Amino acid sequence: MIAARWEDGKPRCPQCGSDDVIYLEKARLFKCRTAHPKQKFSLKVGTIFEDSPLGLDKWLAGIWLIANAKNGISSYEIHRALGVTQKSAWFMLHRIRLAMQSGTLEKLSGHVGIDETYIGGKACNMHRADKARKIHGTGGGGKVAVMGLLERHGEVRTMVVANTKRKTLEKQVKANCEKGSFVYTDGLKSYNNLANDFIHGVIDHAEKYVEGHIHVNGIESFWGLLKRTIGGTYVSVEPFHLFRYLDEQAFRFNRRKVTDSERFFKVLSMVVGKRVQYQELIGRAAQ
Ligand SMILES: [Zn+2]
């Protein structure tokens with residue numbers, strides 16, 4: 001954990017940045033040798049583990065499970081596997097998803113397949129109060145519009161979008177794709193102006209699915225995977241949490257060719273500087 005947390009493997013004081021620190025074995029804390037307030041610190045400070053009463057044994061096992069579960073893993077499974085309460089497991093999963101957010105600003109380029117889909121909408125199965133809450137502000141039937149961009153032989157980017165209007169979708173394409181790239185979409189009219197900034201190939205699904213280079217099959221198989229995860233494992237996802245599940249699925253998808261252990265260490269290197277408050281997670285701040 002020390003090696004993943006600090007790049008050179010040297011524990012550093014979060015207050016002053018000094019690596020002149022000692023380890024207090026009994027207290028299981030580090031202590032900075034420079035005199036200032038809060039000289040003692042734990043490995044968890046400044047990470048998604050901070051303020052969590054759960055030990056690293058639970059956290060690391062949880063990270064391994066979620067980083068490598070192809071179709072996701074429910075809080076119930078985590079609760080059973082790790083012996084933590086289901087509520088703790090749920091919170092843990094959300095914090096780990098936060099670590100899995102890529103945060104990259106690099107644009108996609110080359111050949112990019114673009115598509116949009118709707119997630120959710122099993123409104124008839126919900127309790128009435130739930131139903132009102134979930135449907136509020138998410139468009140027809142409680143469904144949430146999601147957009148995906150997949151670079152051929154590259155990474156996928158996904159985002160929740162307010163709607164599938166031209167202005168909304170175009171903005172995302174421009175924000176995520178290098179100008180002049182080849183972009184491929186279906187016949188949705190919202191994509192009509194992409195040719196102004198990109199080399200735009202359109203595939204009309206009414207006619208055929210693949211036409212030479214022009215297809216969106218890659219992103220469509222990503223949607224298939226995502227829907228199996230959300231429908232099968234997570235059952236019902238609150239719209240304001242949906243982006244976290246997208247990040248989780250994209251993280252695994254983008255690292256589908258590496259080993260379980262490599263994915264685990266990748267998440268571990270991403271736990272720093274990302275914290276989330278419980279109130280935010282349960283949606284009060286998010287709404
Ligand atoms: Zn210090």
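When a ligand or atom number is given, it counts from 1 through the structure's own listing order. Values in this document were obtained by computation on a predicted structure and should not be read as measured data.
Ring centroids of H79 and Y76 are separated by less than 6.0 Å, placing the two rings close together.
Put simply, the residue from H94, K87, Q86 that forms a side chain to side chain donor-acceptor pair (under 3.5 Å) with S75 is Q86.
Judged as a ring-ring contact (aromatic ring centres under 6.0 Å, His included), not a single pair has a partner in residues 148-167 (not counting sequence neighbours).
Comment: K266 does not engage E262 in a salt bridge, judged by the lack of any side-chain N to carboxylate O separation of less than 4.0 angstrom. Taking the charged nitrogens against the carboxylate oxygens, R263 and D260 do have a contact shorter than 4.0 Å, which makes a salt bridge. With salt bridges taken as basic N to acidic carboxylate O contacts below 4.0 Å, one links K179 and D197.
For the Zn ion (ligand 1), the set of protein N/O/S atoms nearer than 2.8 Å consists of C13 SG, C16 SG, C32 SG, H36 NE2, ordered by chain and number.
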